[in-house]
Amino acid sequence: MKGSGRLLALAALLLASGGSAIAATGPSAVDTPPACVEAQTATPPCVDKVDPPDWWIDLPSPMLLFHGTHLAGAKFSISSQGVSISSSQISANGHYAFVWLSLKGAGPQSIHIRVTASGGSISVPFRFDRRTSAPHAGFSATDVMYLIMTDRFADGDPSNDPQPSERDLPRGWHGGDFRGIGQHLDYLQQLGVTTLWTTPVYDNDGGRQAYHGYSATDLYRTDPHFGTMGDLRQLSDDLHRRGMKLVLDTVPNHVGAAHPWATDPPTPDWFHGTRADHRIASERFQAVIDPHATREQWRDVTEGWFANVLPDLNQENPRVRQYLIQNVIWWIESTGADGLRYDTFPYVGRAFWQDLDRELHGLYPGLTTVGEIFNPNPVITSYFAGGVVHAGVDTGLSTPFDFPTYFALQNAFSPHDGATAVATPHDGMAGLEDILRDDWLYPHPERLAIFLGNHDTVRFLSQPGVSVADLKLAFALLATLRGMPQIYSGDEIAMRGGEDPDNRHDFPGGFPGDAANAFSAAGRTPEQADVHDWVASLLQFRQHHPALATGAQQDIFFDESAFIFVRTSDLQKGCGVGRGEHYLIAVNSSDQPREVKLDLDHTALEGCRGFTGDIGSSSVLHATGSELTLSLAAKQAEIFAAR
């Protein structure tokens with residue numbers, strides 16, 4: 001989620017709630033017990049929710065959170081082989097009970113937890129299973145990640161659509177779902193996508209403007225608009241059968257304003273503050289990284305309520321911390337996910353991230369994580385990367401999203417005044433180098449997730465002055481710079497869109513009645529086909545040439561309109577037999593031809609005398625000894641194989 005410039009507007013939108021007329025279907029509806037009701041007379045205890053709803057025998061012993069009524073003074077007991085209760089604690093109002101289980105030699109089984117209070121007793125079923133063999137493979141620089149906002153991609157199951165339809169409402173539920181995504185995996189794979197990131201799948205309780213998934217009302221259910229847990233698991237399995245990966249969007253910073261906890265929290269300090277008395281979230285990340293700052297200076301970041309309405313979870317509370325860590329584990333196990341995207345990363349204290357990472361990597365050594373640090377300054381972004389200790393804590397984050405490079409690319413192709421402009425010493429392409437030279441700040445710059453836009457930004461093609469030719473140049477850089485490319489659904493077909501919600505239009509062809517189908521080559525406009533085919537050619541070329549994904553990078557020329565660099569497995573060896581691939585990438589963003597002279601001595605291309613154009617065809621090279629002259633056509637990107 002994005003902070004700058006949108007907090008007040010977002011606050012108003014989040015306060016607008018209410019149910020959409022929708023028939024809940026599948027296990028997420030059928031398995032939900034009726035809500036408990038307070039009674040004035042002595043009645044048996046009632047339990048209408050247990051989090052987590054099930055668990056696995058070969059995972060750490062869980063803490064269960066019971067919700068219901070008449071739980072005050074209740075005793076909990078189990079008669080089971082290998083499962084026992086180690087302790088319990090009940091909230092003052094009798095609505096919640098924390099029950100810590102102990103697993104010792106337990107096998108897969110269904111158990112019944114007896115809850116006994118003054119008014120009687122009840123039995124609550126619970127299930128332990130054996131873990132699945134999902135790969136949890138993680139993503140890396142060899143992958144291409146594709147961001148899908150589930151509600152806006154494709155409608156594969158009309159039965160879970162809102163009635164009446166809300167497609168004419170920019171912030172309504174449009175009908176996209178897990179099945180719709182699964183029906184278009186051929187399209188994604190042919191484009192060159194290897195990893196799918198979906199926006200949050202949590203239940204948002206049908207909130208009128210909660211289609212995005214970031215206003216959770218139940219952290220243990222999929223939203224019925226998106227489909228059932230079975231549908232999500234089917235999508236995961238289908239991806240894995242293709243050798244593709246699934247990344248889930250995870251939000252441990254806050255819950256939705258309509259979450260039941262907002263008015264009835266499990267403990268008095270479940271949140272940082274209360275609905276009536278709380279701090280407002282600040283994006284002054286400088287205070288968080290400042291070793292000389294006072295606690296008061298950074299508390300608004302880590303303890304403030306996002307948009308002034310989203311209840312900020314108190315991860316310093318051990319019960320909240322365990323609840324959230326278990327929740328992440330539950331989703332990984334339930335879906336077979338390969339990685340996680342962490343929302344609003346700087347707004348959560350570093351110690352929580354360290355605890356979560358330690359737990360996850362003990363269970364899933366291959367799983368990887370990427371965090372949202374929405375800031376143009378690499379000093380700030382790098383502070384949150386894992387692999388280095390700051391303030392006594394290593395967050396363990398596999399990589400941040402490379403927002404500084406995003407802003408630099410935006411500035412290079414659309415220089416304009418405004419809050420989003422990144423401050424660099426130089427303009428244009430040289431400004432991109434200003435950012436890249438700070439890669440030393442990151443423990444692993446080769447892991448950075450680079451992108452041209454996402455669901456919180458203006459579409460790249462709608463930035464002031466940006467043309468389709470500029471978009472294609474930006475994609476050429478995205479496919480060849482160090483790091484892992486991340487593409488926002490629709491950018492590959494030249495979709496346009498301003499600020500939210502204009503940047504969240506439906507993918508054409510994904511919904512019944514669409515006039516055109518951009519999933520099909522025959523259904524694309526000439527402009528869509530031009531960009532799509534260019535992106536596909538870049539990604540497929542990258543996939544077949546490892547140096548472009550995992551090789552080192554050396555930048556050998558840059559000015560306001562040109563950027564020329566090398567990708568190779570070894571920067572020290574130059575060209576020669578057995579020295580691996582060497583690629584020269586040249587981009588001219590000017591609307592005029594450019595001639596650039598390069599001296600290849602003392603570069604990664606030393607000894608290279610032959611150059612073959614693999615991508616692009618309008619530039620000319622002349623090599624004389626160690627000197628290379630490139631005649632670059634206007635608005636042109638080229639990839640040359642050097643030998």
Side-chain angles (χ1 to χ4, degrees), residues 17-35 48-49 53-54 148-188 196 198-239 241 246 248-249 256 258 331 334-337 455 489-490 501 504-520 523:
S17 60
S20 298
I22 176 172
T25 59
S28 59
V30 174
D31 294 344
T32 303
D48 55 16
K49 188 167 177 28
D54 47 41
I148 287 178
M149 182 161 267
T150 303
D151 182 66
R152 302 303 168 89
F153 188 65
D155 184 357
D157 182 6
S159 71
N160 58 33
D161 293 355
Q163 298 297 331
S165 172
E166 298 180 0
R167 281 198 70 193
D168 59 340
L169 301 177
R171 299 186 188 276
W173 294 86
H174 289 192
D177 48 40
F178 304 136
R179 291 189 188 181
I181 297 172
Q183 291 167 5
H184 296 288
L185 297 185
D186 282 346
Y187 167 82
L188 298 177
L196 179 64
T198 67
T199 47
V201 299
Y202 309 125
D203 188 2
N204 281 236
D205 197 25
R208 285 202 187 105
Q209 299 174 355
Y211 66 92
H212 44 69
Y214 290 98
S215 295
T217 54
D218 188 337
L219 294 175
Y220 277 102
R221 281 166 50 100
T222 58
D223 194 290
H225 292 87
F226 301 149
T228 67
M229 179 60 75
D231 294 332
L232 180 56
R233 184 67 202 221
Q234 184 65 55
L235 173 60
S236 177
D237 291 345
D238 290 346
L239 287 165
R241 275 190 286 271
L246 175 66
L248 295 179
D249 206 322
W331 281 103
S334 297
T335 65
H455 55 310
S489 169
R504 300 175 178 183
H505 291 298
D506 298 342
F507 196 99
F511 297 81
D514 281 358
N517 180 14
F519 288 115
S520 162

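By convention here, the first residue in the shown sequence is residue 1. Only this structure's heavy atoms are used, side chains among them; waters, hydrogens and symmetry mates stay out.
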Test side chain to side chain contact (heavy atoms under 4.5 Å, CB included) on I148 and T199; report intermediate values, then the result. CA-CA 7 Å; I148 287 178; T199 47; over 6 Å; no
Verify side chain to side chain contact (heavy atoms under 4.5 Å, CB included) between R208 and L169, making sure each step is shown before the conclusion. CA-CA 10 Å; R208 285 202 187 105; L169 301 177; over 6 Å; no
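Here the closest non-hydrogen pair linking L246 and S236 is CD2-CB, 3.8 Å. Between P200 and G213, the shortest heavy-atom distance links the atoms CB-O, 3.1 Å.
Looking only at side-chain heavy atoms (C-beta outward), N160 and P224 stay at 4.5 Å or farther from each other. Using a 4.5 Å cut-off on side-chain heavy atoms (C-beta onward), M149 and S489 make no contact. Side-chain contact between H184 and F507: absent, with no pair of heavy atoms (C-beta onward) separated by less than 4.5 Å.
Side-chain atoms of R171 never come within 3.5 Å of backbone atoms of Q209 as a donor-acceptor pair (strictly under, hydrogens ignored). Distance alone, capped at 3.5 Å, places no donor-acceptor pair between the D151 side chain and the Y211 backbone. Side chain of D514 to backbone of P508: no donor-acceptor contact under 3.5 angstrom is found. The main-chain N or O of D203 is never found under 3.5 Å from a side-chain atom of D205 such that the two would form a donor-acceptor pair. Not a single donor-acceptor pair under 3.5 Å links the side chain of D231 to the backbone N or O of R179. Checked by atom type and distance alone, the side chain of D48 never pairs as donor or acceptor with a backbone atom of A35 at under 3.5 Å. For the pair W331 (side chain) and D249 (backbone), a donor-acceptor distance under 3.5 Å is absent.
Taking the six-membered ring where tryptophan is involved, the planes of W173 and F226 are tilted, since the angle between them lies from 30° to 60°. Y214 and H455 have parallel rings, their planes meeting at less than 30° on a 0 to 90° scale where 60° marks the start of perpendicular.
Expressed to the nearest 0.5 Å, how far CG of D223 lies from OG of S215 amounts to 10.5 Å. Going from atom CG of L239 over to atom CD of Q234 covers 10.0 Å, rounded to the nearest 0.5 Å. Of the inter-residue distances, the one linking L235 atom CG with T335 atom OG1 reads 9.5 Å to the nearest 0.5 angstrom. We find the OG1-CG distance between T222 and N204 to be 11.0 Å, quoted to the nearest 0.5 Å. Taking CZ from F178 and OG1 from T228, the interatomic distance works out to 8.0 Å, rounded to the nearest 0.5 Å. Rounding to the nearest 0.5 angstrom, the gap separating the CG atom in L248 from the OG1 atom in T198 is 5.5 Å.
With sequence neighbours left out, the salt bridge (charged side-chain N to carboxylate O under 4.0 Å, His left out) criterion links D54 to no other residue. For D506, the side chain to side chain donor-acceptor pair (under 3.5 Å) partners two or more places apart in sequence, or in a different chain, are R167, H174.
Ionic pairing of R241 and D237 is not present here: no N-O contact between side-chain nitrogen and carboxylate oxygen is shorter than 4.0 angstrom.
A distance of 6.0 Å or more separates the ring centres of Y187 and F153.
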